[in-house]
Amino acid sequence: MNDEKTKPSLDARRTFLSKLGLAATCTGAVVGLGAAGALKTAIAKSESSSSGGQAKPGAAADRKSFPTPDYDWNKHEWAFGVDATKCIGCLRCVEACKRENDVPANAHQFRTWVERYVYLADDKHVHIDSQHDPVNIEASGSEKTFRFANRYKDKKVDKAFFVPKLCNHCTHPSCVQVCPTGATYRTEDGVVLVDETYCIGCRYCVQACPYGARFFNEETGVADKCTWCYHRITKGLQPACVEVCPVGARIFGNTKDKQSPVSLFIRNSRVQVLKPESGNAPNVFYVGIDKEVN
Amino acid sequence: MEPVLQLVPYTGWVYPNETVFEWSILIAVYPYITGLVAGAFTVSSLYQVFGFERLRPVAHLALLTSLSFMIFVPTPLLLHLGHPERAFNATITPHLTSAMAMFGFFASFYVALLIVEGWFANRPHIIEQAQKRTDLLGKFYRVLTLGSYDLSEYAMRFDRKWIFALAVIGIPGAHGLHGYVGFMYGSVKAREWWSSDLMAVIFLFSAIISGVSLLAALYVATCKMRKVPIDLACLKGLAYTIWAFIMVALVLEGLEFASLVYKGREGVDMIMQYVTGPLLIPYFILQFAIGAILPFLWLSYMIWRGTSGKALVIGVTVCACLVLFSVFMMRWNVVIGGQEISKTGKGLMSYQLHFWGKEGALMAIIVTMAPLGLLYILTRLFPPWHDKATDAH
């Protein structure tokens, strides 16, 4: 009796559900087509903007010689060398980088920086500072020019050295791994860039970088970092920091060219990388750093 | 007003870029809210799937609570993004190696599940209102019926089958969503304080206790507001649930901390300096002692003594509020604490919480409380107090 009563309602329900299913399929198809279109547009947009990436979008559109007409990224594998024994802590590199790349003019955000390590005779702890330290900012008198204050002049110094730092452009970059949109990526020639037209500004990459090399640019609303001056190196120039270094502490070049300065630097020195345990396989190679440097 | 850069005072050696604090209180609110979603859903599932009959009075409320909070989950993230208008980039072109990229999909799936389950559970009420009302609200209910006015026994059995199935799917859904939030932090190898295999599980258990506690507090509050007697068996059921899960949560967090200290990897000195210094009060006193151990002991006492009546209501409500506070502190200590320890392992930062601004304390309070406003509206539209679909279960 109960079954008889419920049979028509079951049929009605089935009809209703099948109509609902049909409607859902149609809607799904429309949404799917729309999404595919959006995806296509997004990919096209991403590709066109990645031609310049952070290094000035729209620099080139010629696919055959990407990203500039006279440059083939398949023929390059960039690397960076730092000879800490040569660095004098003049901070010209920091200022040049800020100017070249429109890095915010403050003492808190840098694409490159220099660290000073000082071991005092009567102190077993190392003293580390960088140009952003308030004492150094006071010495420079502004947040646009930088210098190291002579803060240890009355102390007996056992050992002291400078270490230039920058993005390590890792082979397995954790910043690229965590980026939810793929806005940050590694180019074929080994440079980690940010597509600032696609980045959503979540700052997950800033958290994930073990080296503190990234920051959030309030002006652009996206993640910012060293590009090894991609807009310069693809034109045959050196990165700004390398160009201005008066002592040759920064070495840059193409490792596919066995006679390039960086290839010779890596081959002829016992180099090391920072935080190798991260598994990131950094591509900035150091000479003359101490155990405290990380 | 909020400064453009969230500069932080620091001690020791920190990387220059670390002097700007990137993830604010809103990023602590985000896992807190997702945790409440997962925890509230757990209560609903304990009744719908595992047959915890004594939780029936809150089962339907749990579903609405879960939905209300879930709708607000993306809010803190959107407020935080540098380009919120590009938020869908993560969904349109998800970067599959990113833990964060899957959020849109998990969240959308789970919201859809909650809406469908909520629709099935509320069908009798929707149909009743659609037939009774002639005003604008009546039209709203008629649209919600989706053309189905069938309330026969067979149809109701059909509905219950769907509710059960959705509740079963929802368990991994809710816990997957929140476990994944834990993984987002646990997978960041750059931060020693976050980088832990246990992080996802710890997030899950703390989520469960926070959600169940929220339900206990809401149940008592709504009974008082509606001037109806509190079902003590139900409240006791919630208390048992909090008690059982709080134990696991405490053990897991203890193990996590012990393992960090015992392994004593590079940077542990700074961590020890941090937890015994700036984190002493927020971590050991607020999160553990007051927020977790005190309610655990109090609940144990009430269970042991068979406390009943007003003492039980007050005890469970206070314990629930303490647990809610403790879990918020846990999110705070993870998100803010993790960033206060420098990646150099040689310095500490000190986050400055501002009251005003897009990422200030006021906004965090508003975002956390807003779901309660939505819940109020939802309980008016779909009263969870008489659940006909589940009554016959």
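Values reported hereafter were calculated over all heavy atoms of this structure, with side chains retained and with hydrogens, waters and symmetry mates removed. Just so it is clear: chains get the letters A, B, ... in the order the sequence lines come, proteins before strands, and each one is counted from 1.
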Inset, instruction - Determine whether B/Asn17 and A/Trp113 make a side-chain contact, defined as any pair of heavy atoms from C-beta on separated by less than 4.5 Å. - result: yes
Inset, instruction - Verify whether one side chain among A/Ser130 and B/Tyr15 offers a donor that lies under 3.5 Å from an acceptor in the other. - result: no
Legend entry - Toward chain A, the part of B/Trp23 with a non-hydrogen atom under 4.5 Å: both
Legend entry - Most chain B-contacting option - heavy-atom pairs closer than 4.5 Å, from A/Arg214, A/His125, A/His127, A/Gln131: A/Arg214
Legend entry - Donor + acceptor pair across side chains of B/Thr19, A/His108 (<3.5 Å): yes
Legend entry - Residue B/Glu266 versus chain A: region with a heavy atom under 4.5 Å: side chain
Legend entry - Shortest non-hydrogen contact from A/Pro180 toward B/Ala101: O-CB, 3.4 Å
Inset, instruction - Considering only heavy atoms and a distance below 4.5 Å, find which of B/Ser195, B/Gly338, B/Ala190, B/Ser98 pairs most often with chain A. - result: B/Ser98
Legend entry - Residues B/Trp194, A/Gln207; criterion side chain to side chain contact (heavy atoms under 4.5 Å, CB included); working and verdict: CA-CA 11 Å; B/Trp194 289 351; A/Gln207 302 291 354; 3.7 Å; yes
Legend entry - Centroid-centroid under 6.0 Å between B/Tyr10 and A/His132 rings: yes
Legend entry - A/Arg92, CZ: over 12 other non-hydrogen atoms inside 6.0 angstrom: no
Inset, instruction - Flag the pair B/His95 / A/Val176 as yes when at least one side-chain heavy-atom distance between them is below 4.5 Å, and no otherwise. - result: yes
Legend entry - Atom pair OG1/NE2 of A/Thr220 and B/His83 - distance to nearest 0.5 Å: 6.0 Å
Legend entry - Pairwise side-chain contact, A/Arg203 with B/His80, heavy-atom cut-off 4.5 Å (strictly under): yes
Legend entry - Exercise: identify the closest heavy-atom pair between A/Phe216 and B/Gly82: CZ-CA, 3.7 Å
Legend entry - Interchain contact, B/Phe103 with chain A, by part (heavy-atom threshold 4.5 Å): neither
Inset, instruction - List the steps, then state whether side chain to side chain contact (heavy atoms under 4.5 Å, CB included) holds for A/Val126 with B/Trp13. - result: CA-CA 10 Å; A/Val126 60; B/Trp13 161 239; over 6 Å; no
Inset, instruction - Examine whether an atom of B/Met184 lies under 4.5 Å from a heavy atom of chain A, and if so say whether it belongs to the side chain, the backbone or both; otherwise answer neither. - result: both
Inset, instruction - State, yes or no, whether a side-chain contact exists between A/Val222 and B/Arg86 at a heavy-atom distance under 4.5 Å. - result: yes
Inset, instruction - Tell me, for B/Lys343 versus chain A, whether the close heavy atoms (under 4.5 Å) come from the side chain, the backbone, both or neither. - result: both
Inset, instruction - Give a yes or no on whether the backbone of B/Thr344 and the side-chain of A/Asn294 come within a donor-acceptor separation of less than 3.5 Å. - result: yes
Inset, instruction - Tell me, for B/Ser187 versus chain A, whether the close heavy atoms (under 4.5 Å) come from the side chain, the backbone, both or neither. - result: side chain
Inset, instruction - Check whether more than 12 heavy atoms from other residues, nucleotides or ligands sit under 6.0 Å from atom CG of B/Asp197, and answer yes or no. - result: no
Legend entry - Greatest number of heavy atom pairs closer than 4.5 Å to chain B - which of A/Pro104, A/Cys199, A/Ser278: A/Cys199
Inset, instruction - May I ask you to check whether over 12 heavy atoms, not counting those of A/Tyr119, lie within 6.0 Å of atom OH? - result: yes
Legend entry - For chain B, the option from A/Ala213, A/Ala208, A/Pro134, A/Cys179 that forms the most heavy-atom pairs under 4.5 Å: A/Cys179
Inset, instruction - Of all the heavy-atom pairs spanning B/Met100 and A/Cys202, show the shortest one and how long it is. - result: SD-SG, 3.7 Å
Inset, instruction - Answer with side chain, backbone, both or neither: which region of A/Asn217 has an atom nearer than 4.5 Å to a non-hydrogen atom of chain B? - result: neither
Inset, instruction - Start with the C-alpha distance between A/Ile200 and B/Phe88, add both sets of side-chain angles, then the distance that settles side chain to side chain contact (heavy atoms under 4.5 Å, CB included), and finish with yes or no. - result: CA-CA 9 Å; A/Ile200 60 174; B/Phe88 280 109; over 6 Å; no
Legend entry - Selection from B/Thr97, B/Asn89, B/Thr91 maximising heavy-atom pairs under 4.5 Å formed with chain A: B/Asn89
Inset, instruction - Return yes when atom CD of A/Glu277 has more than 12 non-hydrogen atoms of other residues, nucleotides or ligands closer than 6.0 Å, and no otherwise. - result: yes
